[in-house]
Every structure is written in structure tokens, then in C-alpha cells.
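Side-chain atoms are counted along with the backbone in the values below, which use heavy atoms only and exclude waters and symmetry mates. Count residues from 1 along the sequence.
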Amino acid sequence: MTNFPTDKFQGIETPFYYYDKKVLLATLDTIKAELAERPNYHLHYAIKANANLEVLKEIQKAGFGVDAVSGGEIQQALKAGFEAQKIVYAGVGKNDWEINLGLDAGIFCFNVESLEELRIINELAEKKQKTAKVCFRINPNVGAHTHANITTGLMENKFGIAMEDMELAIREAKELSNIEFIGLHFHIGSQILEMDDFAALANRVNELQDRLESQGIKVKNINVGGGLGIAYNDPDGKPVPDFKKYFDTYAQNLKLREGQQVHFELGRAVVGQMGSLITRILYVKNTHHKQFAIVDGGMSDLIRPALYDAHHKIQNISSMEAEETYDVVGPICESSDVFGKNEKLPKCHRGDLIALRSAGAYGEIMACQYNCRKLPKAYLM
């Protein structure tokens with residue numbers, strides 16, 4: 001079990017997010033080492049996973065860029081010190097003010113998801129006498145072995161331009177006076193652990209590139225998105241994802257043309273394992289049918305279990321007694337406010353601290369104030 005700095009937790013109001021700086025830095029160092037061998041590979045951290053300012057500053061120090069999906073994320077990235085030229089901006093519903101923000105900041109590119117969006121970007125850029133660099137997000141119709149709610153690369157999903165319309169989009173972009181077409185963008189989903197899924201995407205990109213080249217169309221940049229998952233059930237055994245295997249999969253399967261640059265948008269894999277939601281037991285309740293450990297953290301603080309049926313490893317970091325079986329539940333007035341059922345934990349007592357592991361991604365950033373609860377704070381230690 002991770003040695004939590006419980007002495008530093010004294011006086012901190014629960015629930016709160018604990019971010020292990022050593023794990024974050026080890027992860028960043030591993031990615032840097034892999035990318036050092038591939039100078040044409042570039043990482044844009046998917047800021048939607050975790051936008052905590054202190055965390056972002058560490059990622060910025062590592063030299064990475066940002067993948068943003070809103071104007072607010074662009075603003076947070078700039079606040080953290082990221083270079084605008086390393087920011088890519090995706091999203092199916094970009095507001096005019098968000099597009100204008102990207103144009104004024106001089107971001108690297110817009111990942112465009114429809115022809116209508118392309119035309120609006122051109123109009124707004126023309127008013128500012130600027131040229132917007134764009135990549136087209138193409139829906140590759142490649143499935144991923146993950147939860148249905150976090151697949152993004154199928155024809156039924158709302159994301160991207162259909163493959164059938166790829167040439168049409170590129171031709172129109174080349175005719176617009178304030179648009180510069182610079183590449184193709186793809187993303188098939190999240191929490192993917194099977195490398196075959198990424199190999200399938202690489203092969204689809206190869207097919208599309210061959211198709212474009214037969215028409216004399218060359219592509220400068222290929223953005224394959226992110227999606228690499230983490231070991232939710234083994235955060236101590238696998239604190240850093242297998243980035244070598246991930247990047248090797250693309251190196252072995254993606255047929256790049258001379259001078260092409262490859263962009264990645266990893267989020268969860270960068271920050272997921274560094275974080276834990278620390279919550280305190282309020283009551284231990286026995287109903288004769290079930291034994292509940294009722295904690296002060298709820299689905300408003302960590303929504304993934306309620307939203308995706310996700311499971312986070314649960315640890316009692318205060319007790320060393322013999323294990324008993326508990327349902328670990330929160331205080332929210334919803335039956336879905338459950339973190340785990342039939343969990344084997346050291347005997348629980350009122351006041352014990354419970355750690356919900358692997359919560360560095362899509363935890364703090366998705367927290368809400370349902371039931372008029374306060375947002376949890378976060379600490380990088």
C-alpha cells in the first residue's frame with residue numbers, strides 16, 4: 001500500500017484530493033524519456049482530465065503542450081504558462097468567443113469537427129485579419145474496448161467529420177482565404193488498455209493517407225488523440241502506465257510520410273494514478289443484511305462510479321485490524337451514491353480515513369455542488 005503522508009493530512013477538511021507529486025513527476029519523466037527517442041512525436045496534455053493549476057504547472061515544466069476542449073481550458077492553460085503555439089483546440093460546439101480567444105492567443109490549431117464550424121472560423125478569422133490553422137477531426141469508425149459512454153470514434157458518435165466527407169472538407173479549406181489546412185485529427189475513446197485498438201486506428205489512418213495521396217493531397221500533421229488507460233485495480237503495482245508499449249504501437253503501425261509530425265492527446269494516463277480522494281468515515285451502519293461505511297465524500301466529489309459504473313480501489317488508511325465486508329457509500333440523497341459494494345477493508349470506525357485511489361483524472365474537475373455541497377479542495381504534496 002502507498003504510504004500516505006497522513007501526518008500532513010491533519011487539519012485538512014475532508015473530503016479532499018491528494019495528489020502525489022512523486023508519482024506525477026515519475027510519469028512525466030517516463031513520457032519525456034519515450035518522446036526523446038522520437039523527435040517528431042509531440043504531447044498535448046488533455047486538460048479536461050485535471051485542470052488543477054499546480055498540477056498544470058508541473059506538466060508545463062516538462063515541456064508539453066495542451067489539448068483543450070473549451071475556452072475556459074485555453075484560459076487555464078495560458079494561466080499555467082503553456083505556450084499558445086502548443087495548444088490544440090477541439091470540441092463539437094465551439095462558441096464564437098472561444099474561437100476568437102484561440103485566434104487572439106495564436107494557438108497551434110483548431111481541430112475542426114464540421115464544415116459549418118470551418119466556415120464560422122474562417123469568418124471570424126477574416127474579421128481579425130488572421131489565418132486560422134486547422135486539422136480536421138475525422139471519425140474513423142474504429143471501436144475501442146472501453147465503456148460505451150467514452151467511445152468517440154464510431155459513426156454513431158457526435159464527434160468528427162465522416163470519412164466520406166474528408167476530401168470535401170479539405171478542398172473547401174483550401175479555398176477559404178483565412179484558413180490553413182495542416183493535418184488530420186482522430187480520437188477513438190478513453191481508458192483503452194488493448195494496444196490492438198490503437199493499431200487499428202493507425203491502420204485506418206494509413207488507409208486514409210493513401211487515399212489522399214492518390215489525389216495529390218499531402219498532410220503535415222497526424223493527431224491520433226489519446227485514450228491510454230490506467231490500472232484502476234492496481235495503482236501501487238502499476239503507478240505509471242506502459243507508455244513505451246503505447247508509443248511503440250504507433251511507431252510500428254503508423255506509416256508516416258517524410259517530415260510528418262505526430263501529435264498525442266493523453267490525459268488520464270498522465271494524471272490518473274497520482275490522485276486519491278481522501279474521505280472520512282461518518283458512520284458504520286449495520287442493517288443485518290449489509291454493513292455500510294458511510295463516508296463524507298460523495299458522488300458530487302467523485303462522480304465516475306455513478307456515471308460510468310467505474311470502480312476505484314478503496315483503502316482504509318487508518319486501520320490495521322482484520323478485514324470485514326462493507327458497502328462504501330456517500331451522503332448524497334441518491335441510491336447511486338456508492339463507491340464500492342462488498343469491499344474487503346480493515347475494520348472500519350468513525351473517523352477513519354478512506355482513500356479512493358486512481359482519482360487524479362476526472363475527479364476534481366468533474367466535481368459539482370449537488371445537495372449544495374462545497375467543492376473539494378486539492379493538494380499536491
Side-chain angles (χ1 to χ4, degrees), residues 27-28 30-32 34-35 38 40-51 55-56 59-60 62-74 76-78 80 82-92 94 98 102 107-113 133-140 142 144 146 150-153 157-161 182-193 195 197-198 200-202 204-205 219-230 241 243 246-247 249-251 254 256 260-272 360-362 365:
T27 304
L28 296 174
T30 301
I31 298 172
K32 283 194 295 183
E34 290 299 323
L35 295 184
R38 303 177 174 94
N40 62 324
Y41 281 20
H42 310 277
L43 182 74
H44 305 269
Y45 164 66
I47 195 173
K48 69 176 182 174
N50 188 318
V55 171
L56 292 181
I59 297 172
Q60 186 274 331
F64 302 137
V66 156
D67 159 44
V69 294
S70 75
E73 289 187 353
I74 294 174
Q76 186 75 342
L78 295 173
F82 288 92
E83 298 175 38
Q85 268 297 309
K86 290 185 177 181
I87 298 175
V88 297
Y89 177 27
V92 296
K94 301 178 182 72
E98 295 174 306
I107 63 173
F108 177 65
C109 78
F110 295 85
N111 291 334
V112 173
E113 306 215 17
K133 294 180 179 179
V134 305
C135 287
F136 285 115
R137 179 171 182 172
I138 305 300
N139 187 321
V142 172
T146 187
I150 49 178
T151 59
T152 61
N157 300 132
K158 67 180 179 179
F159 301 99
I161 295 170
I182 65 167
L184 299 177
H185 174 232
F186 306 86
H187 182 63
I188 59 173
S190 187
Q191 185 49 25
I192 300 169
L193 296 172
M195 294 302 113
D197 291 341
F198 299 120
L201 173 59
R204 180 54 51 83
V205 175
V219 180
K220 295 179 183 177
N221 297 276
I222 297 294
N223 186 328
V224 294
L228 179 63
I230 61 174
F243 292 107
Y246 173 75
F247 289 121
T249 297
Y250 280 106
L254 192 59
L256 295 177
Q260 271 188 336
Q261 304 299 302
V262 187
H263 301 261
F264 299 86
E265 298 170 343
L266 296 173
R268 183 195 319 263
V270 180
V271 296
Y362 306 107
I365 192 65

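- Distance check: I182 CD1 to C109 SG gives 4.5 Å after rounding to the nearest 0.5 Å.
- Here the shortest heavy-atom pairing between I188 and P140 reads CG2-CG, 3.9 Å.
- Put simply, the side chain of E73 reaches to within 4.5 Å of the side chain of V69, judged on heavy atoms.
- Within a 6.0 Å radius of CD in E83, no more than 12 heavy atoms belonging to other residues, nucleotides or ligands are found.
- Listed by chain and number, the residues in a side chain to side chain donor-acceptor pair (under 3.5 Å) with D67 amount to none (sequence neighbours excluded).
- Side-chain atoms of E34 and Y246 form no donor-acceptor pair, as typed in the model, at a separation below 3.5 Å.
- The shortest distance between side-chain heavy atoms of Q260 and V262 does not fall below 4.5 Å.
- Here the side chains of V205 and L254 are in contact, with some heavy-atom distance below 4.5 Å.
- Between the side chain of N111 and the backbone N or O of R137 there is no donor-acceptor pair closer than 3.5 Å.
- Atom-to-atom distance recorded for L266:CG and H44:NE2 is 10.5 Å, nearest 0.5 angstrom.
- Under the side chain to side chain donor-acceptor pair (under 3.5 Å) criterion, Y362 pairs with no residue at all, not counting sequence neighbours.
- Annotation: side chain of L28 is in contact with side chain of V270 (closest heavy-atom distance under 4.5 Å).
- Distance CZ/R38 to CG/L256: 11.0 Å, rounded to 0.5 Å.
- In plain terms, the two heavy atoms of I107 and Y89 that are nearest each other are CD1-CB, 3.6 Å.
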Given V271 and Y45, is the side-chain contact (heavy atoms from CB on, under 4.5 Å) satisfied, shown in steps?
CA-CA 10 Å; V271 296; Y45 164 66; 3.7 Å; yes

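- By the 4.5 Å heavy-atom criterion applied to side chains, M195 and L228 are counted as neighbours.
- The closest side-chain heavy-atom distance from H185 to I222 is not below 4.5 Å.
- Among all heavy-atom pairs drawn from A46 and G267, the shortest one is CB-CA, 3.8 Å.
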Run the ring pair (Phe, Tyr, Trp, His ring centres under 6.0 Å) test on Y250 and F264 for me, step by step, so that the C-alpha distance in whole Å, both residues' side-chain angles and the decisive distance to 0.1 Å come before the verdict.
CA-CA 10 Å; Y250 280 106; F264 299 86; 5.5 Å; yes

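- Of all the heavy atoms in A269 and P241, the pair that sits closest is O-CG, 3.5 Å.
- Shown here for G183 and V219, the closest heavy-atom pair between the two residues is CA-CG1, 3.6 Å.
- When F108, F186, F64, Y41 are each tested for a ring-ring contact (aromatic ring centres under 6.0 Å, His included) with H263, only one passes: F108.
- To the nearest 0.5 angstrom, I87 atom CD1 is 4.0 Å from L78 atom CG.
- Using a 4.5 Å cut-off on side-chain heavy atoms (C-beta onward), V224 and F198 make no contact.
- For the pair K94 and F110, the cation does not sit on the ring face, since its NZ or CZ is not both under 6.0 Å from the ring centre and inside 45° of the axis.
- L43 contributes atom CG, which lies 10.0 Å from atom NZ of K86 (distance to the nearest 0.5 angstrom).
- Between the CD atom in E113 and the CD1 atom in I161 there is a gap of 8.0 Å [rounded to 0.5 Å].
- You'll find the side chain of I74 stays beyond 4.5 Å of the side chain of E98, heavy atoms only.
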